Amino acid sequence: AQGSNTLITTAAWRSRGVCWSERGLRRFRDSPASKAAKMSFEKNRKELEDLCRRRFFFRQGSEIYGGVSGFFTYGPPGCALKNNIIHQWRNHFVIEEQLMEIEDTNIMPHAVLKASGHVDRFSDFLVRDSGDEKKFFRADKLLEDVMEEKLKEKDLSAEKLKEYAVVRNQADAYTKEELIEIFQKYDVRAPDSGNKLTEPEPFNLMFPTPIGPSGLIQGYLRPETAQGIFLNYKYCLEQNANRLPFGVAQIGKSFRNEIAPRQGLTRQREFTQAEIEWFVKPTAKDLPKFRSVADTSLLLFPSGKQLQGESHVSMTIGEAVSGGIVNNETLGYFIVRTYQFLVSVGIKPEHCRFRQHLPTEMAHYAADCWDAEIETCYGWLECVGIADRACFDLNAHATAAKVDLLYRETLEKPVEVELYALTKASGIAVMKAFKKQGRFVKEWLEQLPADQLRDLAQEVEAKQTATRTAELPDGPLECTFLPDHVKCEVKKEKQTTNTFMPGVVEPSFGIDRILFSILEHAYYARPKDPTLEDKQTRGVLAFAANIAPYKLTILPQDSRIARDDKYVELMQLIRNQVSALGHSCTVDDSGATLGKRYSRNDELGIPFACTVDFDSMTDQTVTLRERDTMVQIRLAAGEVAAVLHDLCCKRRTWKDVQSQFPAHG
């Protein structure tokens, strides 16, 4: 591709799901229900932010020194929540789908990221304030903000509304030349000073780092976890007894030197990814397991609907695949499994959709790409990218590293095929003509695809000479071939194997964005009692029990109970049994009233509270309170751990437990 096409391809390449870009905020036309949901999230935003800071779910990194944007520290409840989300991801994918898991390095050498394309193309456009070039802005985000303001202008015609919306939605796909033209057309200036802006310049998002004391080896903090999987595909295939299909997963930190990170956890310079590379035969993407999920209904936003300015639609994944909307069964299966995971960690189904990449976003080699978007106070937020990436990455690394990564499939019955190949005489002539390099040039010719070898032979026949650059072990060599060098023949040969480069379906999860979305979906405030003087908001984080940072809190009814030796025995019994089953537990024996202690543990999202009261001192029973209904049951202290375990593992529901034990209060 030449000119603008090259840059459009680069933009598409950059947008590969959550892996490539920490952008992902989509503002296509919203339905009334979507607008209402967004308003609800925005209404709670200030309260939720206050709760997260006050209870130390997360804070800006190095905050006591003023902090640096794009870096965050997770406090005890936030760290526990994140670890539980990752644990659920491992259970859902690594264990249930029988994936292999690896842990590759955070620092990668230059050659790896040169081959993958990151060194040359992993960039965003940056513009500077012409009056103070220390002030800079990300071009696409600045353009989006300008268009947002224009869309708020009164008495806009339908034409103008559509024009501004199109520019806003396509802001991250424009080339440098197109950005210059658009900035001039709309007179886009520096937000604070009103000065003119410099021309857009590409800014590579990778963090460079020298390796070793001499610093002569160039390395980078990895911009994604996926490359480590591709580098180790060969060894994982061996561990899988050389069978396809199979999947490899990796969870770890990735690093992007974002130009102007904002919007909290949704745009970070250091973040956690969980990625899967599912290696599959390119011509065999049907999947037996797909039938088990074919009737699952999803909110899908196909590219055609986006281009027509319409909203997403509800349909089953079976309909989407059979209708050609989703490219194949393997991709469709992972879309559903992604949906099931997101719902299992507390994402509300009505606020989760799958958006297909537009033609301008999709890389030329990709068969199909979908993003799982979750509705938040910032609009629809891209949290997972699910892409059928064909064999681009394996081909790139095989070529750059000069390593054979082809898959050899044993055929059930040998087949007879016609091969277009060099004659023995031509092979000898090549070895004589190119002397020391002769053997390598001959091998290079023999490995050429049949169509390229035929083109070369035809060119030599017509012109009596032809030049090609041969990739040899010592580097590229320009070779001039004569008629004697490329005489070919058609041979019939029995083949027992079929050779191909595996394709890849890649679900890529942004764990921090998912965590942020869970916080928004989980938060609500209990209605205030008008008869009480206390006007404080009673916020609740309604986490699913399987991901809650702590599963249980133990509360003495008051300070008299807390001082009793029998309470200490019961508390230790319950805590030890709960811990032995792998669940976290806290104790709140402060002097606050029982109601206030319930409320502050509800803020942490603790799903169950065990209260030791005066009856407990005589009959060894306690109460168990469920966070959202505030209903309590009474049971023996020795039964608490087993009941809690069943509830957290979803073996029983709270309704089941209520039917087994007497209500309290």
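These figures come from a predicted structure and were not determined experimentally.
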*Asks:* With the threshold set at 4.0 Å, does a side-chain nitrogen-carboxylate oxygen contact exist between Arg389 and Glu277?
*Replies:*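 So Arg389 does not pair with Glu277 through a salt bridge.
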*Asks:* Tell me whether the count of non-hydrogen atoms from other residues, nucleotides or ligands lying under 6.0 Å of CD in Gln98 goes above 12.
*Replies:*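 Not more than 12 within 6.0 Å, no.
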*Asks:* Taking only Lys NZ, Arg NE, NH1 and NH2, and the carboxylate oxygens of Asp or Glu, determine whether Glu375 and Lys348 approach each other closer than 4.0 Å.
*Replies:*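 Here Glu375 does not pair with Lys348 in a salt bridge, since their nearest N and O are not under 4.0 Å apart.
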*Asks:* Is the shortest side-chain N to carboxylate O distance from Arg90 to Glu101 below 4.0 Å?
*Replies:*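 Answer for the salt bridge query: yes.
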*Asks:* Answer yes when Arg651 and Asp656 have at least one side-chain N-carboxylate O distance shorter than 4.0 Å, and no when they do not.
*Replies:*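 Between Asp656 and Arg651 there is no salt bridge, as every charged N stays at least 4.0 Å from the carboxylate O atoms.
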*Asks:* Would you mind checking if Asp145 and Arg138 are paired as a salt bridge, meaning a charged N to carboxylate O distance below 4.0 Å?
*Replies:*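 No salt bridge links Arg138 with Asp145.
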*Asks:* Measure across Ser599 and Arg538 and return the closest heavy-atom pair with its distance rounded to 0.1 Å.
*Replies:*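 So the two residues come closest at OG-CD, 3.8 Å.
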*Asks:* Do Leu99 and Val248 have side chains that approach each other closer than 4.5 Å (heavy atoms only, starting at C-beta)?
*Replies:*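 Not touching, per the 4.5 Å side-chain cut-off.
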*Asks:* Within the structure provided, determine whether Met617 and Ile561 are in side-chain contact (heavy-atom separation under 4.5 Å).
*Replies:*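 Yes, their side chains come closer than 4.5 Å.
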*Asks:* If you count every heavy atom of other residues, nucleotides or ligands that lies below 6.0 Å from Asp619 atom CG, does the total exceed 12?
*Replies:*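 Counting neighbours around CG of Asp619, more than 12 heavy atoms of other residues, nucleotides or ligands fall under 6.0 Å, so yes.
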*Asks:* Is the Phe516 to Tyr378 ring centre distance short of 6.0 Å?
*Replies:*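 Aromatic pair counts; centres sit under 6.0 Å.
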*Asks:* Could you tell me whether Lys253 atom NZ has more than 12 heavy atoms of other residues or ligands within 6.0 Å of it?
*Replies:*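 Check passes, neighbour count above 12.
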*Asks:* Counting only heavy atoms from other residues, nucleotides and ligands, does the tally under 6.0 Å from CZ of Phe614 exceed 12?
*Replies:*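 For Phe614, atom CZ is crowded (more than 12 foreign heavy atoms under 6.0 Å).
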*Asks:* Hey, are Arg355 and Asp371 close enough for a salt bridge, meaning a charged N less than 4.0 Å from a carboxylate O?
*Replies:*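 Yes, Arg355 and Asp371 are salt-bridged.
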*Asks:* Salt-bridged, Glu97 to Lys289, with N to O below 4.0 Å?
*Replies:*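 Result for this pair is yes, salt bridge flagged.
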*Asks:* So which atom in Gly332 and which in Ile317 form the shortest heavy-atom distance, rounded to 0.1 Å?
*Replies:*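 Looks like O-CG1, 3.7 Å.
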*Asks:* Using the benzene-type ring in the case of Trp, are the ring centres of Phe93 and Phe509 under 6.0 Å apart?
*Replies:*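 Yes; Phe509 has its ring centre under 6.0 Å from that of Phe93.
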*Asks:* Determine, for Asp558 against Arg560, whether the closest basic-nitrogen to carboxylate-oxygen distance falls under 4.0 angstrom.
*Replies:*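 Result for this pair is yes, salt bridge flagged.
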*Asks:* Just checking His118 against Tyr220, ring centres under 6.0 Å apart?
*Replies:*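 Between His118 and Tyr220, the centre distance exceeds or equals 6.0 Å.
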*Asks:* Mind listing the closest non-hydrogen atom pair of Leu573 and Ala637 along with its distance?
*Replies:*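 Heavy-atom minimum between the residues: CD2-CB, 4.3 Å.
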*Asks:* Is there side-chain contact between Val540 and Arg627, with at least one heavy-atom pair below 4.5 Å?
*Replies:*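 With C-beta onward as the side chain, the pair touches.
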*Asks:* Ring centroid separation for Phe354 and Phe301, is it under 6.0 angstrom?
*Replies:*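 No, the ring of Phe354 stays outside the 6.0 Å limit from the ring of Phe301, centre to centre.
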*Asks:* Give me the ring orientation class for Trp654 and Phe608: parallel if the planes are under 30° apart, tilted from 30 to 60°, perpendicular past 60°.
*Replies:*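 Trp654 vs Phe608 ring planes: tilted.
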*Asks:* Is any side-chain heavy atom of Phe341 closer than 4.5 Å to one of Trp89?
*Replies:*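 They are in side-chain contact.
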*Asks:* Please determine whether the number of non-hydrogen atoms from other residues, nucleotides or ligands lying under 6.0 Å from atom NZ of Lys566 exceeds 12.
*Replies:*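 Not buried by this count: 12 neighbours or fewer within 6.0 Å.
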*Asks:* Enter the distance from Leu515:CG to Phe57:CZ here, rounded to the nearest 0.5 Å.
*Replies:*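 Interatomic distance, Leu515 CG to Phe57 CZ, rounded to 0.5 Å: 9.0 Å.
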*Asks:* Run through His645, Lys551, Gln577 and flag the one making a side-chain hydrogen bond (donor to acceptor under 3.5 Å, both in side chains) with His583.
*Replies:*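 The single option meeting the side-chain hydrogen bond (donor to acceptor under 3.5 Å, both in side chains) with His583 is His645.
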*Asks:* With heavy-atom distances below 4.5 Å as the criterion, would you say the side chains of Phe543 and Ile518 are in contact?
*Replies:*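 Yes. Closest side-chain heavy atoms under 4.5 Å.
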*Asks:* Using a strict 4.0 Å threshold on nitrogen-to-oxygen distance, state whether Glu238 and Arg243 make a salt bridge.
*Replies:*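 No, this pair does not count.
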*Asks:* Using the ring pair (Phe, Tyr, Trp, His ring centres under 6.0 Å) rule, take Phe290 and Tyr333 through it: C-alpha gap first, then chi angles, then the decisive distance, then the call.
*Replies:* CA-CA 5 Å; Phe290 179 74; Tyr333 178 76; 7.6 Å; no
*Asks:* Check the angle between the aromatic planes of Phe207 and Phe255 and answer parallel, tilted or perpendicular using the 30° and 60° thresholds.
*Replies:*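 If you compare the ring of Phe207 with that of Phe255, the planes turn out perpendicular.
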*Asks:* Hey, are Asp512 and Lys82 close enough for a salt bridge, meaning a charged N less than 4.0 Å from a carboxylate O?
*Replies:*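 Lys82 and Asp512: salt-bridged.
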*Asks:* Within the 4.5 Å heavy-atom criterion, are Leu555 and Val612 side-chain neighbours or not?
*Replies:*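 When only atoms from C-beta onward are counted, Val612 and Leu555 do not touch, as no gap falls below 4.5 Å.
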*Asks:* So, for Ala387 and Cys369, which heavy atoms are closest and what is the spacing to 0.1 Å?
*Replies:*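 Heavy atoms only, the tightest pair is CB-SG, 3.6 Å.
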